[in-house]
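Proteins come first, then strands; the chains are lettered A, B, ... in the order of their sequence lines, and each starts at number 1.
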Protein chains: 2
Amino acid sequence: MSNYFKLKKPVGIAAYSSCGGPKEENGPIGNYIDIHFKDDKTGEKSYEKAECKMFESVVQNALCKSGLKKQNISFMSGGDLLNQIISSNFSARDLAIPFIGLYGACSTFAESIAINSMLLSAGYGEYAISVASSHFSTAERQYRFPLEFAKQRKTTSQWTVTGAGAIILTSHKKDVQVTDVTIGKVIDFGITDAENMGAAMAPAALDTLEYHIKNSGNRVEDYDYIITGDLGKLGSDILLSLAKEKNLDINNRHIDCGIEIFDSCKDDCGGSGCACSAIVITSKYLRMLSEKKIKKILYIATGALLSPISTMQGESIPSIAHAVTIEGTI
Amino acid sequence: MSNYFKLKKPVGIAAYSSCGGPKEENGPIGNYIDIHFKDDKTGEKSYEKAECKMFESVVQNALCKSGLKKQNISFMSGGDLLNQIISSNFSARDLAIPFIGLYGACSTFAESIAINSMLLSAGYGEYAISVASSHFSTAERQYRFPLEFAKQRKTTSQWTVTGAGAIILTSHKKDVQVTDVTIGKVIDFGITDAENMGAAMAPAALDTLEYHIKNSGNRVEDYDYIITGDLGKLGSDILLSLAKEKNLDINNRHIDCGIEIFDSCKDDCGGSGCACSAIVITSKYLRMLSEKKIKKILYIATGALLSPISTMQGESIPSIAHAVTIEGTI
């Protein structure tokens, strides 16, 4: 059975919003981000509460832009990197919108867009929100070391993005629409270094890319950009070589959200975290589609499905990639 | 907008399977469980690997019962209680079935049935698997104390169920079908005691119950059973009183999976964990529906969306409940 699905009818994008901290604002796409928090803690008592504030701010901002109220939204799906996705769950409590909790690590935003689009295209609801968040300091605390420890980072490490992105999808026709999706498989090439997630995720990105291109009947040239999130520099290089072996030359069209969001000369191997591709898509690329500067993107978000426990138990890093096509109607 | 959805067409149940450990086998519904593991560790090196084995065993057993192959399955959705849902992600890697990772704590199984049913009813795929697992020893390690510490349990504590449950859903007509769903809201009544999750979840169960009954146009009497999972004894008592205040008298039809699975005189306040209601539904109640002993159940799975971090930070326990109706065609 196919896990590629052409939507029964395209699903419109009614509004979108992004937020980030100071490091994201100072990065190459900083000017595209809607809400800038001058302080990573956003005035809250903990980084966890700050992440909730970011999650809620993009949902509220997207609602405001669309002119919709919470009562118009049938459901929201999304997630984050924290154990038991508490940023999302606590935010969903405060927002009081029916909630589908997802966990796909950094692939969560595409997973959410895929599910919401399929449900809306089938007539289940009129408006639905896709949302994802991450925070450097909540992720470091949970996955790695206390910030105060100031651990030396490896050259392969990626920097978890602080912020959130949200899209309001709708069953109504809009200028920019989601048209098809691929639900990814979990792929594991045996990488065990939790500080080299780009290498672990590249094979999953390739698997979904190849499958989506083949089943959609499209060619690489039909997309203005093929946007992965978030392989970083090293992972992107691996993807490009692997794709070449499969006769998929994506060099001229490939963008990686992990590379886009930070200045790659300074910041490790690029960005990561659920918010990385969520911000890049909802700031720069949806805007370019809305302004008709580009016509069609294939967004493939990748997730490294490890946990600190699985790493300590010597397990390798399984990875997944979900894909959605987003395109202008003209 | 409504978050109650009548399915565009009913979604059939092609097969189902359950597994459990020795404590589950010795409980009141032990005889209904398909696969009994004589040892909680199932011969593996860690409890985490044992949980994966249980997850995979119910998927493989359901496939075997249905006569289907993995290649027939369009996607699988599900989850577990562990950080980054590693039991599910590692199992999805080994099963090589396209995967939608969910996190809804103990509500995950109903969340999965709801999403899969909506997608299949819309023509997205022919077969899909819903699955959830939990394990007492992996949950204790992560949420509470080392087993060796032998902490005294409170009278309000629930015991995490060890095992898994899986359903293969299909777009084809079957004798037993899913007909409607409600996606729940996150509800928080301010309970902060992580050892009293039944009390935290009861208001979420009530919210979804009331909403589902009202929007489906059904009456309480139309269901043979209204099955919550898993409030335990205390949470069930709270639900019954709260429901009575809303003029919903469910006393004669209410069953709680947390009470059903263990002998309630001995085992704390009842069972909990994603596997609790997954096992009770896929062992006893789907069989009763298949054998035409009952006609219609409303399955409302509840999840306590806390994390050890949120508890340590003094946060209350947000909860959610998702509902699905499962009924015989005759």
Side-chain angles (χ1 to χ4, degrees), chain A residues 1-3 5 8 45-46 48-49 71-75 79 81-86 88-90 92-93 95-105 108 111 114-115 118-119 121-127 141-142 182-188 303 305-310 313 315 318 320, chain B residues 1-3 5 8 45-46 48-49 71-75 79 81-86 88-90 92-93 95-105 108 111 114-115 118-119 121-127 141-142 182-188 303 305-310 313 315 318 320:
Chain A
M1 285 306 300
S2 174
N3 43 309
F5 300 106
K8 303 289 169 186
K45 275 200 292 191
S46 71
E48 286 74 15
K49 282 187 191 291
Q71 292 73 20
N72 299 117
I73 308 299
S74 293
F75 53 86
L81 291 177
L82 296 194
N83 297 340
Q84 292 75 53
I85 57 167
I86 48 168
S88 308
N89 283 324
F90 281 87
R93 172 189 71 182
L95 290 162
I97 298 169
F99 184 57
I100 298 170
L102 303 178
Y103 186 79
T108 301
E111 183 185 0
I115 290 171
M118 286 196 276
L119 295 178
S121 72
Y124 294 121
E126 192 179 350
Y127 294 98
R141 184 211 297 279
Q142 175 181 291
T182 291
I183 300 296
K185 271 186 192 163
V186 179
I187 304 283
D188 190 334
L305 304 171
L306 77 170
S307 88
I309 284 253
S310 70
Q313 291 182 349
E315 283 281 358
I320 199 162
Chain B
M1 285 307 300
S2 174
N3 43 307
F5 300 106
K8 303 289 169 187
K45 274 199 293 191
S46 71
E48 286 74 16
K49 281 185 193 291
Q71 293 72 21
N72 299 117
I73 308 297
S74 293
F75 53 87
L81 291 178
L82 296 193
N83 297 339
Q84 292 74 55
I85 59 166
I86 49 168
S88 308
N89 282 323
F90 281 88
R93 172 190 71 184
L95 290 162
I97 298 169
F99 184 57
I100 298 170
L102 303 178
Y103 186 79
T108 301
E111 183 184 0
I115 291 171
M118 287 197 276
L119 295 178
S121 72
Y124 294 121
E126 192 178 350
Y127 294 99
R141 184 212 293 280
Q142 176 181 291
T182 291
I183 300 295
K185 271 186 192 164
V186 180
I187 304 283
D188 190 333
L305 304 171
L306 77 171
S307 89
I309 284 255
S310 70
Q313 292 181 349
E315 283 281 358
I320 200 163

Would you call [X] and [Y] a side-chain contact if the rule is heavy atoms closer than 4.5 Å?
X         : Y         : answer
Glu48(A)  : Glu315(B) : no
Phe90(B)  : Val186(A) : no
Leu119(B) : Leu119(A) : yes

Examine whether an atom of [X] lies under 4.5 Å from a heavy atom of chain B, and if so say whether it belongs to the side chain, the backbone or both; otherwise answer neither.
X         : answer
Lys49(A)  : side chain
Glu126(A) : both
Tyr124(A) : both

So which of [options] has the biggest tally of heavy-atom pairs under 4.5 Å with chain A?
options                                  : value
Ser121(B), Gly79(B), Pro98(B), Gly123(B) : Pro98(B)
Ala96(B), Ser88(B), Gly104(B)            : Ala96(B)
Ser2(B), Pro318(B), Gly303(B), Ala114(B) : Pro318(B)

Side chain, backbone, both or neither of [X] within contact of chain A (heavy atoms, under 4.5 Å):
X         : result
Ala105(B) : neither
Phe75(B)  : side chain
Ser307(B) : both
Leu81(B)  : backbone
Ile97(B)  : backbone
Ile86(B)  : side chain
Ile73(B)  : backbone

| message | Tell me every residue that passes side chain to side chain donor-acceptor pair (under 3.5 Å) with Thr182(B), counting only those two or more places apart in sequence or in another chain. | response |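 Side chain to side chain donor-acceptor pair (under 3.5 Å) list for Thr182(B), sorted by chain: His212(B).
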
| side chain to side chain donor-acceptor pair (under 3.5 Å) with Tyr127(B): which residues, sequence neighbours excluded? |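 By the side chain to side chain donor-acceptor pair (under 3.5 Å) rule, Tyr127(B) matches no residue at all.
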
| said: Under 3.5 Å, is there a donor on one side chain and an acceptor on the other for Gln142(B) and Asn83(B)? | reply: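 Per modelled atom types, Gln142(B) and Asn83(B) side chains form a pair under 3.5 Å.
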
| said: What's the separation between atom CD1 in Ile115(B) and atom CD1 in Ile100(A), rounded to the nearest 0.5 Å? | reply: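 Output value for this atom pair is 4.5 Å.
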
| Spacing of Ile85(A) atom CD1 and Leu102(A) atom CG [to the nearest 0.5 Å] |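 So the CD1 of Ile85(A) and the CG of Leu102(A) are separated by 7.0 Å.
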
| Which pair of non-hydrogen atoms, one from Tyr103(B) and one from Leu305(B), has the smallest distance, and what is that distance? |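 Nearest pair, atom of Tyr103(B) first, then Leu305(B): CE2-CD2, 4.5 Å.
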
| request: Taking Glu111(B) for its side chain and Gly101(A) for its backbone only, find out whether a donor-acceptor pair lies under 3.5 Å. | output: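 Yes.
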
| query | Do you know which of Gln71(A), Gln84(A), Lys185(A) has the most heavy-atom pairs under 4.5 Å to chain B? | reply |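 That would be Gln84(A).
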
| query | For the candidates Leu82(A), Leu306(A), Ile187(A), which exhibits the highest count of non-hydrogen atom pairs separated by less than 4.5 Å from chain B? | reply |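 Ranked by contacts with chain B, first place is Leu306(A).
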
